[in-house]
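On a predicted model such as this, the values are computed, not experimentally measured, just so you know. The first residue of the sequence shown is numbered 1, and numbering continues consecutively from there.
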Amino acid sequence: MSPQSLDNNSDKNDKNDKNLNEKPTTTTPSHSQITSTSSSMTTRTTTSSARNMADRKATTAAILNTPSLEDGAPWYKKFMLSYLDGLLSLGAARPLTPIDLGGPSEQDKAKNTFDSVKEIYDSQARGKKSVKSALWRGFGPANFFLALGLYFVSAGLLFLPVLILNDLVEYFQTNQASKTVVDPWLEVAALFFVPVAVTVLQAQSNVIMSHAAVYVRTAVSLLIYDKILRVSASGRSKTSTGAIVNMMSNDTTQLQRFIQFSSFVMVAPVQVGASLFLIYKQVGVATFAGLGFLVLLAPVNVFIFMFVGKYRRATLKESDARVRLVNEILAGVRIIKFYAWERPFREQVEELRERELHNLTMLAYISAVGFSMIMLSAPIILPIIVFAVYIGVSDEPLTASKAFTTVALFNIMRFPFAFMPMGFLQYIQAKISLGRLDFLMGLEELEDYVEIGSDAAEVAAADEGVEVEIVDGTFKWVKDPDAAAADAGEDADDEDKSKGGAVVKPDGGVDGDDVEVDVPLVGDASPRNVLEGVALKLERGKLYGVVG
């Protein structure tokens with residue numbers, strides 16, 4: 001090996017050793033770089049949030065500016081609901097967006113709804129104000145009775161195919177010996193057109209009731225929001241955040257459901273009575289066996305409704321307490337973390353939640369057993385009882401026309417009989433919700449506590465450099481105890497005259513014996529005026545601080 005090659009190998013080994021000894025270097029970011037990165041991330045997050053909010057506002061504005069599909073449709077399309085054909089076709093082709101749905105109808109807009117209900121509620125006499133009356137007058141009795149009338153007509157038309165079926169079966173049973181009321185082909189055509197008319201009328205009734213449900217929920221939500229902004233300190237002491245949150249969510253939903261069920265509940269007893277009458281025309285005295293079975297179910301209905309109302313009020317009470325406690329925990333979460341109080345507060349929340357779940361479970365059991373097993377099975381058991389009694393007591397045979405007609409009438413009665421208790425359940429829950437809303441709306445509000453003297457203009461003209469001036473000011477937290485007691489007595493008298501002595505409690509209960517009065521925060525033994533003889537002058541253009 002030549003000396004030159006040895007030198008070259010030696011140089012290569014030196015380079016390799018140098019590379020092995022060298023360690024990779026990392027640059028540690030400085031505090032300023034970390035702060036800059038954090039600031040940039042915060043800026044990006046804030047910018048993204050602002051952009052999302054701007055996009056939501058733009059989308060909302062675009063939806064409100066979009067014309068309503070219902071308001072812009074001609075009358076015949078509204079009657080047949082054919083103005084939705086284009087929307088349904090578009091939904092079959094691609095997912096719908098809020099813009100595709102169009103803007104809300106004028107009667108569903110929050111401003112129009114709230115303005116009308118608020119004006120009516122404020123115009124009511126003191127001590128006799130009622131949310132139910134304001135909602136009833138605001139939506140309009142004419143619209144409600146129109147929807148109810150359409151549903152009554154559709155319910156009456158439901159019996160026409162049954163009578164036609166009876167006539168046709170007798171016609172073919174006697175080998176065309178008996179005559180039909182009209183031409184048989186006209187009756188066959190009526191079997192097609194009458195159900196179509198029933199569907200159209202029920203659809204129109206449901207549209208009106210849907211508008212009424214949206215109207216009620218929107219108006220009540222805004223009434224609650226407007227009220228809690230103006231309620232006084234003494235008024236806030238009689239309710240809680242949890243109760244208000246439940247009113248905004250649960251109570252408004254209960255009212256909305258009841259409105260949707262209301263026409264059905266009112267028509268259902270008429271349908272059941274008409275069905276029983278026509279069944280009597282077919283099978284005679286055997287109908288009373290089925291009627292006796294319905295009478296036996298009456299105590300079961302009373303039992304069910306009694307326990308439903310009881311557990312509904314208990315559920316709302318526990319739910320209010322749980323939401324109030326959770327809000328207090330969230331407000332003081334730092335103190336809870338500092339003192340490691342997570343476990344005891346968690347146990348309190350779990351205890352309230354367990355009681356609430358117990359009431360909900362009992363409510364679900366009662367609804368399932370009472371409505372599903374008893375109410376839904378009753379229309380199925382009724383034909384068996386009626387036919388068994390008819391065969392046993394009647395000398396006439398059970399013909400095909402009587403059998404088919406009776407079964408068809410029982411099928412008509414099945415759904416009204418099954419859903420009528422559910423409608424009454426919604427009525428009970430809506431009544432409880434209205435009681436809670438009336439209690440909230442009756443709380444004491446903030447008053448105009450600043451009284452400007454007659455010489456205020458002269459003082460302002462004399463010293464233009466003064467921004468705020470108080471001369472011999474008097475301050476207090478609540479109204480005078482004597483005035484509060486007088487107002488409470490007046491309200492109690494009005495309540496007693498209007499509702500027979502029933503006083504609605506915050507938890508939704510009604511008690512005719514107890515009398516609730518507004519107790520002022522300042523007792524008779526305490527001084528009525530907290531601060532007296534206050535003099536203060538704040539000059540314009542200066543910065544002041546209040547310490548203490």
Inset, instruction - Give a yes or no on whether the backbone of Gly102 and the side-chain of Thr66 come within a donor-acceptor separation of less than 3.5 Å. - result: no

Inset, instruction - Give the minimum heavy-atom separation between Leu157 and Val194, together with the two atoms involved. - result: O-CG1, 3.4 Å

Inset, instruction - Can you run down the salt bridge (charged side-chain N to carboxylate O under 4.0 Å, His left out) pairs that involve residues 250-275, sequence neighbours left out, and say none if there aren't any? - result: Asp251-Arg436

Inset, instruction - Report the residue from Met362, Arg355, Glu354 that forms a side chain to side chain contact (heavy atoms under 4.5 Å, CB included) with His358. - result: Met362

Legend entry - Non-hydrogen side-chain atoms of Met413 and Leu382 separated by less than 4.5 Å: yes

Inset, instruction - Look only at the side chain of Ser394 and the backbone of Ile391, and say whether a donor-acceptor pair between them is shorter than 3.5 Å. - result: no

Inset, instruction - Quick one: which residue pairs count as a ring-ring contact (aromatic ring centres under 6.0 Å, His included) with a foot in residues 124-158, not counting sequence neighbours? - result: Trp136-Phe144, Trp136-Phe145, Phe139-Tyr215

Inset, instruction - Only one of Val407, Asp167, Thr405, Leu278 passes side chain to side chain contact (heavy atoms under 4.5 Å, CB included) with Val162; say which it is. - result: Thr405

Legend entry - Residue pair Val267 / Pro416, side-chain heavy-atom distance below 4.5 Å: no

Legend entry - Note, Gln256 side chain near Val216 side chain (heavy atom, < 4.5 Å): no

Legend entry - Sequence neighbours excluded, every pair satisfying side chain to side chain donor-acceptor pair (under 3.5 Å) that has a member inside residues 75-93: none

Inset, instruction - Mark yes or no for whether Asn143, through its side chain, and Ile208, through its backbone, hold a donor-acceptor pair below 3.5 Å. - result: no

Inset, instruction - Report yes or no: does Glu318 contribute a side-chain atom to a donor-acceptor pair with the main-chain N or O of Asn359 at less than 3.5 Å? - result: no

Legend entry - From CA spacing to verdict: salt bridge (charged side-chain N to carboxylate O under 4.0 Å, His left out), Arg353, Glu356: CA-CA 5 Å; Arg353 183 57 177 166; Glu356 183 182 2; 3.1 Å; yes

Legend entry - 4.5 Å side-chain heavy-atom contact, Asn166 and Phe404: no

Legend entry - CD (Glu119) with more than 12 external heavy atoms under 6.0 Å: no

Legend entry - Side-chain H-bond candidate by donor/acceptor type, Ser105 with Asp71, under 3.5 Å: yes

Inset, instruction - Would you tell me whether Thr97 and Asp100 have side-chain atoms, one donor and one acceptor, within less than 3.5 Å of each other? - result: yes

Legend entry - pair Ser263-Met209: side-chain heavy atoms closer than 4.5 Å: yes

Legend entry - Side-chain donor/acceptor of Ser262 to backbone N/O of Ile259, under 3.5 Å: yes

Legend entry - Student check: side-chain heavy atoms of Lys118 and Asp226 closer than 4.5 Å: yes

Legend entry - Contact summary for Leu360 and Thr315, nearest pair of heavy atoms: CD2-CG2, 3.5 Å

Inset, instruction - Decide yes or no for His211 and Asp108: does some side-chain heavy atom of the first lie under 4.5 Å from some side-chain heavy atom of the second? - result: yes

Inset, instruction - Give a yes or no answer on whether the side chain of Ser116 reaches the backbone of Thr113 with a donor-acceptor pair at less than 3.5 Å. - result: yes

Inset, instruction - Using modelled atom types only, decide if a donor and an acceptor are shared between the side chain of Thr406 and the backbone of Lys402 within a distance under 3.5 Å. - result: yes

Inset, instruction - For the pair Arg313 (side chain) and Ile432 (backbone), establish whether a donor and an acceptor sit closer than 3.5 Å, ignoring hydrogens and angles. - result: no

Inset, instruction - Check the angle between the aromatic planes of Phe264 and Phe261 and answer parallel, tilted or perpendicular using the 30° and 60° thresholds. - result: perpendicular

Inset, instruction - Compare all side-chain heavy atoms of Leu96 with those of Leu87 and state whether any distance is below 4.5 angstrom. - result: yes

Inset, instruction - Mark yes or no for whether Ser123, through its side chain, and Ile120, through its backbone, hold a donor-acceptor pair below 3.5 Å. - result: yes

